[in-house]
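Atom set for the values below is all heavy atoms of this structure, side chains included, hydrogens, waters and symmetry mates excluded. Sequence lines set the chain letters: A, B, ... in the order given, protein chains first and strands last, and positions in each chain run from 1.
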Amino acid sequence: MPISTVRRGEIVSWSRTLIPTAKDAPTDAEAPSHKLLSRGGYIRRVAAGVYDYLPLAWRVLRKIEQIVREEMNGAGASELLMPALTPIELFAETGRAEAYGPLLFRLEDRHGREAALGPTHEEVITELMRGVVSSYKQLPLNLYQIQTKFRDEFRPRAGLLRCREFIMKDAYSFHMNVEGKGGLNEAYDAMYRAYVNSFTRCGLDFTVVEAESGPIGGSASHEFMVNCESGEDTILRCPATGYAANVEKCEIGERPHSFEGEPTGPLEVVHTPDCPGIEDVSRFLKVKPPNMLKTLVFKRADGAGWVLAVVRGDHDANEGKVKAASGGAGGAVAMADEKEAKAAGFAIGYVSPRAALSVPNTLLLVDPDAAQGMDRAKGKPSFWAAGADRHDHHVKHFNWQREMGAVLKDHHRVRVADIRNAMAGDPSPRAPGAALEAKRGIEVGHIFKLGTKYSDAMGFAILDEKQEKRSVIMGCYGIGVSRTMASCVEMSHDADGIVWPLPIAPFHIIITPMRVEPDAPAMKAACELAGRLAASGFDVLVDDRDERPGVKFKDADLIGIPIRLTLGDKALAEHSVEFKERRDRESKGELVKMDAVVERCLRAAGSVK
RNA sequence: CAGGGUGUAGCUCAGCUUGGUAGAGCGCGGCGUUUGGGUCGCCGAAGUCGGAGGUUCGAAUCCUCUCACCCUGACCA
């Protein structure tokens, strides 16, 4: 017997479900998605960063989940479900009980045992795998779950975009090797494709960017960002090549630099009281930030000295890049502790590049835009203001060669390197002559190559084919399901309400009969039509409320159902209904004969429903 | 965590300065009216004024403490 391949749609009456729409959004809602999901009766706030998902929202979430599920299964992953409640010992094992800090929701049971509500499940799944996988023959494996996650955010905000409790799909893959068949790269690439497929099928406009792997560790990482101006994250993109990366990761193309240039005047020390930041000094000295040198103090992780990072006043130093540029001698670096740095002789807040001369074991890293003796645009020597290495004092007319001397040529002590965050207008690292563009986005997916961080920490090693015990190599892959719903609203709405893409709309079609008494022609036609549409796979919402037309139209627009079929006297007299797509704001709608409606809707839906 | 702000009816808010019977609009219930873009009219239900303590004859209002929530920043798979 063949398996039925046609999905029968669902029919729901507005009056028999819960869709509490409202004219006003709660005052605390600012983000469009927060306002519209609240007004549209999708969500209600229960506590800070904690929400009810009402029937409409739950339908959307389940549709997103289903798409993700299909793509994950198609990519060879298997679904399981792990507990949200996790004994603290598991997080202690990898040090993340500390690393996650207050972000971890902690609780204590009646016996005084500590537990945490899972923010993510690397430890839990590694613990599981450690117990059940004992041979390389069982790998590779890719396991995922869709589940509620908990993070005690310092500041939940923007409705569903940053919650303390949210729905997430997290997947973990396990391998004996990185390259080749069954390796990490193969799974990573499969996940990359599954993510592209998932977000495309959801109808999202998104960009894939290269990303830092962050505190989770690992070696490579991509973020999937929904494009929208209200996004929290800035991404940079090369228009010539399509290269895209987030601010932390984005490389900057070649920038010419040279310390050579005549002084603009004698070095002048100026008393600058109460000027802790660049902005204050800039105002006080009447010097624009692009003419100032910002010098930050980093400490080597091994304690064997310091790294000074010099960037232009209007630029931000990038810790990851500083780390990379100072690599080799002494390993990783971290922002210096203020007390410690002061004790070593740095006048924190007033440090100049010259501090590299006076404090031993100090490497000076200079960003190319700061390493300028000549102002190229103006064709004359650069004017620089900098710290005076003395509390409440700065200097004017800083000149690299005069102030630093021969040490500039010593590559063990002074290096010029890309050490700042990229900005719009910076040269592209991939195409000469092209400039990076800045866009805003919301992160909805993130994939990582973890390597052996967790398997090492938790002792998950098995024998390979050569009888050698090796740590299992891992990858992990997340999708914020509830955030995806919210970012879709951010991306797709207008003044009247939400405009859902068809694949994740709670209902494909809303039928709006003008009269709703059970024996009214409009209501009878609505029921008949709903049945035929459902048989073709459409989910149909019938607005059977005894409300004025204006109210129904406003609500239909607000909740964002892609297709509206209106049944009024005029249309019925011609055996027709009025067909209107939500995304067409201007059009009046078209009259469609009753027996052609299903076909018209199918055409509007394309091949996807 | 730092700075700022708000808590009064289901929602949006007024009242607080200058203490004296707790209000409006939307929503909700009823009646009538209207019926293609949030009709109109009348009637009605609805609030321990976030909580505790204090000052006072009397506190939504003044004082102290506390709780919750929001915004900006920092933080952030």
Undergrad: When all nucleic acid strands are considered with a 4.0 Å heavy-atom cut-off, which category describes R45(A): base, sugar-phosphate, or nothing?
TA: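 Sugar-phosphate, backbone atoms only, no base.
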Undergrad: Taking U33(B) as the reference, what is the distance to U39(B) when you measure between their C1' atoms (whole Å, please)?
TA: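 Here U39(B) and U33(B) have their C1' atoms 9 Å from each other.
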Undergrad: Which nucleotide in the list G27(B), C70(B), G36(B) gets nearest to the side chain of K23(A)?
TA: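 The answer is G27(B).
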Undergrad: Name the orientation class of the two ring planes belonging to Y53(A) and W58(A) (parallel below 30°, tilted from 30 to 60°, perpendicular beyond 60°).
TA: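 Parallel.
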Undergrad: Between U56(B) and G73(B), how far is it from one P atom to the other, in whole Å?
TA: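 Each nucleotide's P atom is 46 Å from the other's.
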Undergrad: Does the side chain of E210(A) come under 3.5 Å of the side chain of N246(A) through a donor N or O and an acceptor N or O?
TA: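 No pair is found: no donor N or O on one side chain lies under 3.5 Å from an acceptor on the other.
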Undergrad: What class does the angle between the rings of F199(A) and Y195(A) fall in, given that below 30° is parallel, 30 to 60° is tilted and above 60° is perpendicular?
TA: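 Ring orientation of F199(A) relative to Y195(A): perpendicular.
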Undergrad: Confirm from the modelled atom types if R155(A) and C75(B) form a donor-acceptor pair under 3.5 Å, side chain to base only.
TA: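 When only heavy-atom distances are counted, R155(A) does not reach the base of C75(B) through any donor-acceptor pair under 3.5 Å.
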Undergrad: Could you tell me the Watson-Crick or G-U partner of A60(B), where both distances fall under 3.5 Å? Say none if there is no partner.
TA: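 For A60(B), the partner nucleotide comes out as none, under the 3.5 Å rule.
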Undergrad: Strictly by Watson-Crick or wobble contacts shorter than 3.5 Å, is anything paired with G7(B), and which nucleotide is it?
TA: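 Pairing partner, where one exists within any strand: C67(B).
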Undergrad: Could you tell me which nucleotide pairs with A2(B) by Watson-Crick or G-U wobble geometry, both distances under 3.5 Å, or answer none if nothing does?
TA: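 Here A2(B) is engaged in a pair, and the nucleotide opposite it is U72(B).
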Undergrad: Counting only Watson-Crick pairs (N1-N3 plus N6-O4 or O6-N4) and G-U wobbles (N1-O2, O6-N3), all under 3.5 Å, who is the partner of U48(B)?
TA: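 By the stated definition (distances under 3.5 Å), nothing pairs with U48(B).
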Undergrad: What integer distance in Å separates L103(A):CG from A74(B):P?
TA: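 One finds 16 Å between P of A74(B) and CG of L103(A), rounded.
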Undergrad: Between atom CD1 in I19(A) and atom C1' in G38(B), what is the gap in whole Å?
TA: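 Distance check: I19(A) CD1 to G38(B) C1' gives 16 Å.
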Undergrad: Want to settle it: does A158(A) or R162(A) sit nearer the 5' end of RNA chain B, counting the closest nucleotide to each?
TA: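 Residue closer to the 5' terminus by nearest nucleotide: A158(A).
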Undergrad: Between G15(B) and A24(B), how far is it from one C1' atom to the other, in whole Å?
TA: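 Nearest-Å result for G15(B) against A24(B) at atom C1': 11 Å.
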Undergrad: What's the CE-P distance between M225(A) and C76(B), to the nearest Å?
TA: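 Atom-to-atom, M225(A) to C76(B), this comes out as 16 Å.
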Undergrad: Taking the inter-plane angle between the rings of F460(A) and F174(A) on a 0 to 90° scale, is it parallel (under 30°), tilted (30 to 60°) or perpendicular (over 60°)?
TA: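 Geometry flag for F174(A) against F460(A): perpendicular rings.
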Undergrad: Using whole Å, what does the distance between atom C1' of nucleotide G37(B) and atom NZ of K570(A) come to?
TA: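 It is 12 Å, rounded to the nearest whole Å.
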Undergrad: If the cut-off is 4.0 Å, is R548(A) near the phosphate of U35(B), judged by side-chain N/O to OP1 or OP2?
TA: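 Indeed not, no polar side-chain atom of R548(A) lies that close.
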Undergrad: Quick check: any donor-acceptor pair below 3.5 Å linking the side-chain of D24(A) to the base of G27(B)?
TA: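 Looking at the base of G27(B), it does not pair with any donor or acceptor on the side chain of D24(A) (distance under 3.5 Å).
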Undergrad: Just call it for R483(A): base, sugar-phosphate, or nothing, with non-hydrogen atoms closer than 4.0 Å on any strand.
TA: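 Here R483(A) touches no strand at all.
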Undergrad: Regarding A25(A), tell me which of base, sugar-phosphate or nothing describes its non-hydrogen contacts under 4.0 Å with the strands shown.
TA: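 Sugar-phosphate: the residue A25(A), judged by heavy atoms under 4.0 Å, touches backbone atoms but no base.
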Undergrad: Does atom CZ (R44(A)) have a neighbourhood of more than 12 heavy atoms from anything else shown, all under 6.0 Å?
TA: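 No, the 6.0 Å shell around CZ holds no more than 12 heavy atoms from other groups.
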Undergrad: Rounded to whole Å, please give me the gap between CG in D546(A) and P in C28(B).
TA: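 In whole Å, C28(B) P lies 12 Å from D546(A) CG.
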Undergrad: Do the side chain of R564(A) and the base of G37(B) come within less than 3.5 angstrom through a donor-acceptor pair of N or O atoms?
TA: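 Check passes, donor-acceptor contact within cut-off.
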Undergrad: When the P atoms of C71(B) and C13(B) are considered, how many whole Å apart are they?
TA: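 Each nucleotide's P atom is 14 Å from the other's.
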Undergrad: Just wondering, more than 12 heavy atoms not from R583(A) lying within 6.0 Å of its CZ?
TA: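 It does not: R583(A) CZ has 12 such atoms or fewer within range.
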Undergrad: Please give, in whole Å, the distance from C76(B) P to R164(A) CZ?
TA: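 Value for this atom pair: 19 Å.
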Undergrad: Using the P atoms only, state how far G25(B) lies from A45(B), rounded to an integer number of Å.
TA: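 One P to the other, the span is 15 Å.
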Undergrad: Decide yes or no, distance alone: a donor-acceptor N/O pair under 3.5 angstrom between the base of G36(B) and the side-chain of E578(A).
TA: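 Per atom types, the contact qualifies.
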Undergrad: Taking CD from E232(A) and P from A74(B), how many angstroms apart are they, rounded to a whole number?
TA: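 Checked: the CD to P distance equals 11 Å.
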Undergrad: NA contact type, E443(A), heavy-atom cut-off 4.0 Å: base, sugar-phosphate, or nothing?
TA: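 Touches sugar-phosphate only.
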Undergrad: What's the closest nucleotide to the P549(A) side chain, out of U72(B), G37(B), G36(B)?
TA: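 Of the options given, the side chain of P549(A) lies nearest G36(B).
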Undergrad: Starting from P on G36(B), measure out to CZ on R545(A) and report it in whole angstrom.
TA: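 So the CZ-P distance, R545(A) to G36(B), works out to 17 Å.
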Undergrad: What's the gap between G7(B) and C16(B) when it is taken at their C1' atoms, as a whole Å value?
TA: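 G7(B) and C16(B) have their C1' atoms separated by 14 Å.
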Undergrad: Please check if the number of heavy atoms outside D569(A) that lie under 6.0 Å from its CG is greater than 12.
TA: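 No, CG of D569(A) has 12 or fewer neighbouring heavy atoms, counting only those of other groups under 6.0 Å.
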Undergrad: Which value, in whole Å, describes the distance between the P atoms of nucleotides C11(B) and G44(B)?
TA: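 The same atom, P, in both gives a distance of 24 Å.
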Undergrad: Nearest to the side chain of R39(A) - G38(B), G36(B), C69(B)?
TA: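 Looking only at side-chain atoms, R39(A) lies closest to G38(B).
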Undergrad: Per the atom types in the model, does the base of G36(B) pair as donor or acceptor with the side chain of D569(A) at under 3.5 Å?
TA: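 Not at all, since no donor on one side and acceptor on the other fall under 3.5 Å apart.
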Undergrad: Would you kindly compare R151(A) and L567(A) by the position of their nearest RNA chain B nucleotide and give the one closer to the 5′ end?
TA: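 By nearest-heavy-atom nucleotide position, the 5'-most residue is L567(A).
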Undergrad: Could you tell me which nucleotide pairs with G41(B) by Watson-Crick or G-U wobble geometry, both distances under 3.5 Å, or answer none if nothing does?
TA: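 Its partner is C31(B).
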Undergrad: Parallel, tilted or perpendicular for H34(A) and Y51(A), by the 30°/60° rule?
TA: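 The rings of H34(A) and Y51(A) stand perpendicular, inter-plane angle above 60°.
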Undergrad: Counting side-chain heavy atoms from C-beta on, which of U39(B), G10(B), G37(B) comes nearest to R44(A)?
TA: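 Per side-chain heavy atoms of R44(A), the pick is G10(B).
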Undergrad: How far does the P atom of U61(B) sit from the matching atom of U18(B), given to the nearest Å?
TA: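 Going atom to atom, P in each nucleotide, I get 14 Å.
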Undergrad: With both distances under 3.5 Å as the test, what is the Watson-Crick or G-U wobble partner of A22(B)?
TA: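 By the stated definition (distances under 3.5 Å), nothing pairs with A22(B).
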